[in-house]
> 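Pasting in a structure now, in structure tokens, and then I'll have a few things to ask.
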Amino acid sequence: MIVINADRRPTGEGWRNESAMTDLTPFKPYFLGPKSENEAWVRGQLQSVLDDWFDWRKSLFGDDPAAISGADQAEPRFLGEQLRLRERLAELVEQLRGEVPTYPPRYMGHMVSELALPALLGHFAALLHNPNNSSKEASKVGTVIETEAVAMLAEMIGFDPNAARGHFTSGGTVANLEAVWRARYRMDHRLALGLCLAEELGRPLDVFAAAHMTARRYRSLIAEFGVSEAALRARSLVLGNPFAAAERIGRCSGRPYRGPVLIAPGHKHYSWVKAANVFGLGEEAFWTAPVDVEGRLCVAGLAARIEEARGQGRPVLMVVSVAGSTEMGEIDPIDAVADHLAALETGEELDIWHHVDAAYGGCFCALGPHEPLLKPARRRALHAVRRADTVTIDPHKLAYAPYACGALLVRDADHDTISSFAAPYVERAELGPAPWTTTLEGSRPATGAAATWLVGKTLGFGPEGLGAVLRSTIEACGAIREALTEGVPLLRPLDPTDTNIFCFSIAEDGEALSLANARTAAVQARIAASPDFSMSRTVLSALACPDLIDGHVASYRGRRDVDHLVLVRCVVMNPFWADPGVRARLTPELVQALRQFVAETAAATTTTYRSRSPA
Ligand SMILES: *Cc1c(COP(=O)(O)O)cnc(C)c1O
């Protein structure tokens, strides 16, 4: 039996005691249920939304003529077309029955699960009206709902909901890109000013200092020297030719300008590489900060990378920390990152953009600052999300909303301006700035906003609402982890488990990592081939997190002969794991299934290895 290192376990240990686990009863109205238990109620709600939509259309423009008559509808061709449509619809619906069932507790593969009913109903209601949130003209209500939903998310993470800005996106990837867009705009203004002062007044140009000057300093220099908008535009790397501007920066600073870098932790989501690529930075400009032995961003390492950039005369476009890493659901020490950046600001007047990628874990802020199930360091980190300049959060992950529902939250209006030196374009003065001027996407639905809004208005984004549901998933994850660790031979849990994702490998005591990787991959392949349970596979690279891998391999006295660690990953998002009946039935079945897969693959893996190995 493998005993989990006691001090690595979340502090609550609630799952050891069934009665201490979160009671799901108050939340059962919020999900359909694995057996469509709430079918009758949901049917009634969907029907009433449809009825209202039909009625709405009938109620408007009462004197307009109808366009489809009873006689039209009785036409054989009409009926024939309807029949064809009905048949193809049936075909589509039939095909969709082959879709991955992500709603049952058995599904622990990726960051998706049972949908919350308020999210589904809100999405459905907005879908029927089909507003386009790119403009207030095309979306009179949808844009208001969006503003309110953004304020709800802002409040959850601790931004001042009255000052915060933001909008819904198709997902975290776009929200991350949008954060880069804003940070890049601000940096461009600072650099243009620095270059202007250098060229026109002969002031020395320190690229790093200029790019990171505070807003206060930026405004006071503009006022002091009466710098015009035209003078800045003429030196913009965004509006002008970036290569020409870079040449001028190089001339004034005394060394070639190599452009900014973007620093994110080694376990970052691949959306960050895409961002570096899309913004034309070159993937070389994407720097990783080291992670510590438990796989979280190492602040000393981050500080060293910032200094490295400074030494090379390259500004830091932004620093990214992660709340809820995609692989392991881990939470970076966001508070310590914020402390370090705040120290640079007070000590040296250097303002570096801090973005928190909380696409997955942002909703854990709903647990509140006192949640005993989280370790104090993780609580402090979540509490510091509010100190970021921008935050990505995906309601289509832990707010149980349908796709495509991501969001970018921006601290305040100052951080929300993008891509233009002039005042934001105003489509009609009385409507305020058009949403599309601040979004990368053009036409956007109101569905995600409506889904989030209805979750906020019902379940709520506090510790008694979504927070309690998420608490139950963390407990369930702990319970599953414990059951598997105790019940499945050779299963090696990866530490730590900050939230509701847990990873493991399969390894014999003392064996080489290459062999353990083969075993783990073989077991995951069995899981994938079996219809019973879904878990995903992830591979950690020793380049990104060497100490984490070493620590894991040491836990079974193994030998690290290769530079990657293959893991099985369980995302325990499904709320029904908190139901004692579900747990009592499915946990032993899960343990049994894995025991069997491990046993089947153990023999095969060992034989293959022996026959290939000369020793
Ligand atoms: C999921 C995720 C993303 C990307 O979000 P999408 O909604 O898939 O575009 C980015 N960062 C992290 C940490 C994520 O978990």
Side-chain angles (χ1 to χ4, degrees), residues 100 102 108-113 115 119 123 153 157 166-181 262-278 286 288-289 291 295-297 318-334 337 354-365 378 381-382 385 388 390-409 439-441 444-445 447-449 451-452 470 473 477 497-503 536-538 540 544-545 567 569-573:
V100 178
T102 52
M108 294 178 275
H110 293 282
M111 294 165 154
V112 57
S113 104
L115 295 174
H123 180 105
L153 294 177
I157 63 149
H167 56 268
F168 283 79
T169 63
S170 64
T173 299
V174 170
N176 284 343
L177 284 176
E178 298 223 13
V180 176
W181 195 20
L262 190 156
I263 309 182
H267 57 61
K268 86 291 157 183
H269 191 268
Y270 49 76
S271 57
W272 291 105
V273 182
K274 290 186 189 169
N277 191 321
V278 169
F286 180 78
T288 55
V291 297
R296 298 184 206 95
L297 176 68
M318 63 164 43
V319 163
V320 178
S321 49
V322 178
S325 67
T326 311
E327 270 95 14
M328 300 166 60
E330 281 181 294
I331 298 167
D332 283 336
I334 296 159
V337 173
H354 185 193
H355 177 76
V356 176
D357 183 356
Y360 186 68
C363 287
F364 288 123
C365 291
R378 306 292 89 71
L382 286 173
V385 173
T390 40
V391 177
T392 287
I393 186 163
D394 266 351
H396 67 209
K397 288 173 180 168
L398 287 179
Y400 301 94
Y403 297 121
C405 181
L408 174 74
L409 302 177
T439 64
L440 275 179
E441 293 164 279
R444 286 182 311 122
T447 45
T452 304
L470 295 182
T473 65
C477 180
T497 299
D498 280 357
T499 56
N500 58 6
I501 299 178
F502 119 84
C503 297
S536 46
R537 186 182 116 135
T538 192
L540 297 184
C545 34
L567 294 162
R569 169 173 167 267
C570 308
V571 184
V572 188
M573 276 179 66

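Just so you know, these numbers come straight off a predicted model, no measurement behind them. Counting starts at 1 for both ligands and their atoms, following the listed order.
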> Taking the side chain as everything from C-beta on, heavy atoms only, tell me whether Leu408 gets closer than 4.5 Å to His355.
yes
> Does Gly171 offer a backbone N or O that forms a donor-acceptor pair with the side chain of Thr169 under 3.5 Å?
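Side chain of Thr169 to backbone of Gly171: a pair is present.
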> Ala119: which residues meet the side-chain contact (heavy atoms from CB on, under 4.5 Å) condition with it, sequence neighbours left out?
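For Ala119, the residues satisfying side-chain contact (heavy atoms from CB on, under 4.5 Å) (neighbours in sequence not counted) are Ala116, Ala401, Pro402, Ala451, Val455.
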> What residue pairs, at least two apart or across chains, pass salt bridge (charged side-chain N to carboxylate O under 4.0 Å, His left out) with a residue in residues 167-180?
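Qualifying pairs, neighbours excluded: Glu178-Arg182.
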> Taking the side chain as every heavy atom from C-beta outward, state whether Leu398 and Tyr360 have any atom pair closer than 4.5 Å.
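Leu398 vs Tyr360: side chains touch.
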> Give the residues near ligand 1 by chain and number, with the criterion being a heavy-atom distance under 4.0 Å.
Met111, Gly171, Gly172, Thr173, Asn176, His269, Ser271, Gly324, Thr326, Asp357, Ala359, Tyr360, Asp394, His396, Lys397
> Looking at residues at least two apart in the chain, or sitting in another chain, which of them share a side-chain contact (heavy atoms from CB on, under 4.5 Å) with Thr326?
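Residues passing side-chain contact (heavy atoms from CB on, under 4.5 Å) with Thr326: Met111, His269, Arg569.
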